[in-house]
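These notes are about the structure you will find just below.
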Amino acid sequence: MITESLIRKKFVHETITEGINEIFSKQQSVLSSSGIEVRTGRLQSLIGSRRFDRQISDGRYQVQISLYPHLRFLDMSYRLHTGKQRKKRRERYALYNKVVWGVLFRDVFPELRYGFTDEVRQQLRQDLQHALQPK
């Protein structure tokens, strides 16, 4: 039985998964083109693995992404380094704040708020019915 809550959960799941995959792909492209010195390779392997956990319970959808702690600080500007060359170099390191919040606020949140239309409901219902039909 395909219910409205199942269709809603499927829509939320697909939207958030697409957003997270977009975050990882943007981080990977910035990492490869920014010229960050590779020492151990842990940051590249973590971004390349695209590992995240999802939990759906009682109408709540929770996503947990494992991050390398140093990743959060790569795109921050520091007061001690105010030269133009340093600032330009830091702008290329947009790995966390600009990418994560940009994708969330520009793509994922508006899609969750306004994207669940009747057409989307009917398409998801058809997809679920097609998946549940025995072959």
Side-chain angles (χ1 to χ4, degrees):
M1 180 111 198
I2 299 173
T3 63
E4 184 70 22
S5 66
L6 180 64
I7 294 172
R8 198 175 300 266
K9 286 178 186 177
K10 176 108 172 117
F11 173 74
V12 169
H13 170 73
E14 286 179 357
T15 303
I16 290 177
T17 302
E18 287 173 8
I20 290 172
N21 286 330
E22 184 178 346
I23 287 170
F24 279 127
S25 67
K26 284 185 178 185
Q27 284 178 336
Q28 202 164 19
S29 68
V30 167
L31 187 63
S32 64
S33 67
S34 68
I36 295 176
E37 182 181 328
V38 177
R39 293 183 185 165
T40 62
R42 286 191 291 178
L43 181 60
Q44 289 177 329
S45 66
L46 181 71
I47 290 175
S49 70
R50 298 181 180 213
R51 218 176 27 179
F52 61 96
D53 297 324
R54 298 172 293 270
Q55 292 179 344
I56 303 171
S57 62
D58 299 332
R60 293 184 60 196
Y61 194 89
Q62 183 177 353
V63 178
Q64 185 175 6
I65 301 173
S66 301
L67 291 176
Y68 187 58
H70 185 64
L71 176 68
R72 292 188 53 216
F73 302 105
L74 284 175
D75 61 349
M76 288 183 174
S77 54
Y78 294 97
R79 189 174 257 187
L80 297 174
H81 307 293
T82 57
K84 287 185 180 182
Q85 290 178 340
R86 292 241 186 226
K87 186 175 181 181
K88 288 278 187 196
R89 210 166 60 191
R90 284 273 177 215
E91 287 175 357
R92 293 184 300 185
Y93 294 171
L95 286 169
Y96 184 75
N97 293 323
K98 289 181 182 178
V99 172
V100 171
W101 294 109
V103 169
L104 289 178
F105 281 111
R106 193 174 344 106
D107 299 333
V108 175
F109 293 157
E111 181 70 20
L112 288 175
R113 181 174 286 169
Y114 304 115
F116 195 58
T117 61
D118 290 333
E119 294 87 21
V120 172
R121 279 188 183 107
Q122 293 196 357
Q123 181 63 39
L124 286 174
R125 183 179 298 277
Q126 289 174 358
D127 292 346
L128 288 171
Q129 285 176 346
H130 181 66
L132 293 176
Q133 287 179 353
K135 293 182 180 183

Exercise for review: Measure the CG-NZ distance between Leu128 and Lys10 for me, rounded to the nearest 0.5 Å.
Suggested key: 6.0 Å
Revision key, fill the gap. In short, Leu104 meets Pro110 closest at the heavy-atom pair O-CD, 4.1 Å
Check your understanding: Can you tell me if Thr17 uses its side chain to pair, donor with acceptor, with the backbone of Glu14 under 3.5 Å?
Key -> no
Review point. To the nearest 0.5 Å, how far apart are CD1 in Ile16 and CD in Glu18?
Key: 11.0 Å
Check your understanding: Could you state the interatomic distance from OG1 (Thr117) to CD (Gln122), rounded to the nearest 0.5 Å?
Key -> 9.5 Å
Check your understanding: Distance only, no hydrogens: is a donor on one side chain within 3.5 Å (strictly under) of an acceptor on the other, for Asp127 and Gln123?
Key -> yes
Practice item. For the residue pair Val103 and Phe24, establish whether any side-chain heavy-atom pair is separated by less than 4.5 Å. Key: no
Check your understanding: Could you state the interatomic distance from CZ (Arg8) to CG (Leu112), rounded to the nearest 0.5 Å?
Key -> 11.5 Å
Exercise for review: Could you tell me whether the side chain of Val100 reaches within less than 4.5 Å of the side chain of Gln27, counting heavy atoms only?
Suggested key: yes
**Study point:** Heavy-atom side-chain proximity of Val12 to Phe116 below 4.5 angstrom
**Key:** no
Check your understanding: Is there a path of hydrophobic side-chain contacts, each under 4.5 Å between heavy atoms of I, L, V, M, F, W or Y residues, that connects Ile23 with Phe105?
Key -> yes
